[in-house]
Amino acid sequence: MIDAFAKDNLHERLRRDREALLWKLDGLSEYDARRPLTATGTNLLGLVKHVATVEAGYFGEVFDRPSPEPLPRWQDYNGSDLWATEDETRDQIIGFYRRTWEHSDATINDLPLDAPGHVPWWPEPYTNTNLFAIMVHVLGETNRHAGHADILREGVDGRTGMRPEHEMQIDEDARTAYCAKIEQAARSASSAKA
């Protein structure tokens with residue numbers, strides 16, 4: 001009974017975080033969806049592509065259920081899953097992510113939580129694992145990158161939130177006052193320590 005509850009709960013949270021990540025692309029221009037927004041080149045469409053690739057590997061190869069999508073071999077990883085080339089469309093990347101969900105969901109639905117898996121890119125003695133551990137791992141990865149997307153999107157146009165129904169209208173005056181209050185607290189704390 002607890003296994004079914006745990007599996008359903010983890011799966012539902014994964015579905016929620018997938019949608020939150022995709023929502024961060026809504027309404028953005030091609031340029032804003034793709035452009036590097038950090039010193040290391042992190043970008044919104046690249047986050048979606050990366051999470052899709054990660055999920056495809058973990059719920060595919062790890063359980064000997066290879067993704068039907070062409071994926072680079074893990075040994076050949078070169079960072080190309082972190083950004084979209086000019087030849088890749090937003091729709092292609094989103095489609096890849098959604099097809100990955102279907103494949104991952106089938107793996108999750110078909111296997112018990114204690115189903116054995118093997119992660120060849122993890123160091124020994126951690127290479128042998130199970131579905132439960134992989135679900136927790138992928139949920140953590142998805143949640144982490146959805147959080148990155150939250151911050152990046154806020155920097156692009158100020159939009160925040162996890163789902164459209166929870167988004168509040170932007171009140172620039174209130175945001176400015178709030179940030180000024182935090183800045184003043186930081187300066188005061190810094191001066192007191194000096």
Side-chain angles (χ1 to χ4, degrees), residues 3-28 30 33-34 42-74 76-77 79-85 87-122 129-153 159 161-167:
D3 282 358
F5 172 80
K7 185 176 178 181
D8 290 346
N9 191 275
L10 290 170
H11 200 178
E12 185 54 39
R13 293 184 68 84
L14 178 60
R15 287 184 188 109
R16 179 200 67 189
D17 290 348
R18 289 168 173 165
E19 292 291 348
L21 179 58
L22 275 188
W23 180 56
K24 294 302 171 179
L25 296 174
D26 280 2
L28 286 180
E30 281 302 310
R34 296 165 174 268
T42 305
N43 61 90
L44 288 159
L45 192 56
L47 285 172
V48 172
K49 184 179 175 184
H50 173 70
V51 172
T53 303
V54 166
E55 187 171 321
Y58 278 104
F59 289 117
E61 182 178 347
V62 167
F63 296 100
D64 200 25
R65 298 167 63 102
S67 172
E69 301 286 327
L71 297 173
R73 295 177 336 130
W74 64 268
D76 298 333
Y77 178 77
S80 62
D81 68 323
L82 295 169
W83 58 284
T85 69
D87 298 331
E88 293 175 305
T89 69
R90 182 190 316 215
D91 287 344
Q92 286 172 328
I93 291 171
I94 290 171
F96 166 49
Y97 194 24
R98 289 190 183 280
R99 289 186 305 277
T100 295
W101 297 358
E102 292 174 15
H103 186 260
S104 298
D105 289 348
T107 297
I108 293 167
N109 291 333
D110 291 350
L111 300 177
L113 280 179
D114 62 351
H118 180 77
V119 186
W121 52 89
W122 283 2
T129 188
N130 60 35
L131 180 63
F132 176 79
I134 295 301
M135 288 183 76
V136 170
H137 181 80
V138 172
L139 177 60
E141 284 287 314
T142 305
N143 187 270
R144 176 176 181 240
H145 293 308
H148 293 147
D150 285 339
I151 298 298
L152 295 179
R153 182 63 190 256
R159 287 181 68 183
M162 206 168 122
R163 293 187 294 274
E165 63 269 20
H166 295 288
E167 186 176 24

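Note that the numbering runs from 1 along the sequence shown for the chain.
Counting only distance, with no hydrogens or angles, the side chain of Thr107 and the backbone of Phe59 share a donor-acceptor pair below 3.5 Å. With Glu12 contributing its side chain and Asn9 its backbone, the two residues share no donor-acceptor pair below 3.5 Å. A donor-acceptor pair is defined here as one N or O able to donate and one able to accept, closer than 3.5 Å; such a pair exists between the side chain of Arg34 and the backbone of Thr85. Between the side chain of Lys24 and the backbone N or O of Ile151 there is no donor-acceptor pair closer than 3.5 Å.
In this structure, Ile94 and Tyr97 have side chains that are not in contact, with every pair of non-hydrogen atoms separated by 4.5 Å or more. Here the side chains of Leu152 and Leu47 are in contact, with some heavy-atom distance below 4.5 Å. Side-chain atoms of Thr42 and Leu82, non-hydrogen and from C-beta on, never get closer than 4.5 Å to each other. Contact annotation: the side chain of Asn143 approaches that of Arg16 to within less than 4.5 Å [non-hydrogen atoms, C-beta and beyond]. Two residues are said to be in side-chain contact when any heavy atoms from C-beta on lie closer than 4.5 Å; Thr89 and Glu30 fail this criterion. Taking 4.5 Å as the limit, some side-chain heavy atom of Asp105 sits within range of a side-chain heavy atom of Arg15. You'll find the side chain of Val119 stays beyond 4.5 Å of the side chain of His137, heavy atoms only. A 4.5 Å side-chain heavy-atom check between Leu28 and Arg90 finds at least one atom pair inside the cut-off.
Nearest approach of Asp3 to Leu113, heavy atoms of both residues: O-CD1, 3.3 Å. Across all non-hydrogen atoms, the minimal contact from Glu61 to Trp121 is OE1-CZ3, 3.7 Å. Residues Phe63 and Ala115 share a closest heavy-atom pair of CE2-O, 3.6 Å. Between Ile108 and Leu131 the shortest heavy-atom distance is O-CD2, 4.0 Å. Pairing each heavy atom of Leu25 with each of Ala33, the nearest pair is CD2-CB, 4.1 Å. Taking every heavy atom of both residues into account, Ala84 and Leu45 meet most closely at CB-CD2, 3.7 Å.
Once rounded to the nearest 0.5 Å, the distance linking CG of Asp87 with CD of Gln92 reads 8.5 Å. To the nearest 0.5 Å, atom CG of residue Leu22 and atom CG of residue Leu44 are 11.0 Å apart. To the nearest 0.5 Å, the span separating NE2 on His148 from CG on Leu21 amounts to 11.0 Å.
Trp101 CH2: more than 12 foreign heavy atoms inside a 6.0 Å radius. Heavy atoms of other residues, nucleotides or ligands lying less than 6.0 angstrom from CZ of Arg13 number 12 at most.
For the 3.5 Å distance criterion, the side chains of His103 and Arg99 fail to qualify, holding no donor opposite an acceptor. Under 3.5 Å, the side chains of Asn130 and Asp114 contain no donor-acceptor pair of N or O atoms. For the residue pair Glu55 and Thr100, no side-chain donor N or O sits within less than 3.5 Å of a side-chain acceptor on the partner.
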Test side-chain contact (heavy atoms from CB on, under 4.5 Å) applied to Leu10 and Phe132, step by step: CA-CA 9 Å; Leu10 290 170; Phe132 176 79; 3.7 Å; yes
Verdict with supporting geometry, His145 and Asp17, side-chain contact (heavy atoms from CB on, under 4.5 Å): CA-CA 9 Å; His145 293 308; Asp17 290 348; over 6 Å; no
Verdict with reasoning, Arg159 to Asp150, per salt bridge (Lys or Arg N to Asp or Glu O under 4.0 Å): CA-CA 8 Å; Arg159 287 181 68 183; Asp150 285 339; over 6 Å; no
Met135/Ser104 under side-chain contact (heavy atoms from CB on, under 4.5 Å): CA gap, chis, key distance, verdict: CA-CA 10 Å; Met135 288 183 76; Ser104 298; over 6 Å; no
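Applying the side-chain contact (heavy atoms from CB on, under 4.5 Å) criterion to Asp64, with sequence neighbours excluded, gives no partner residue.
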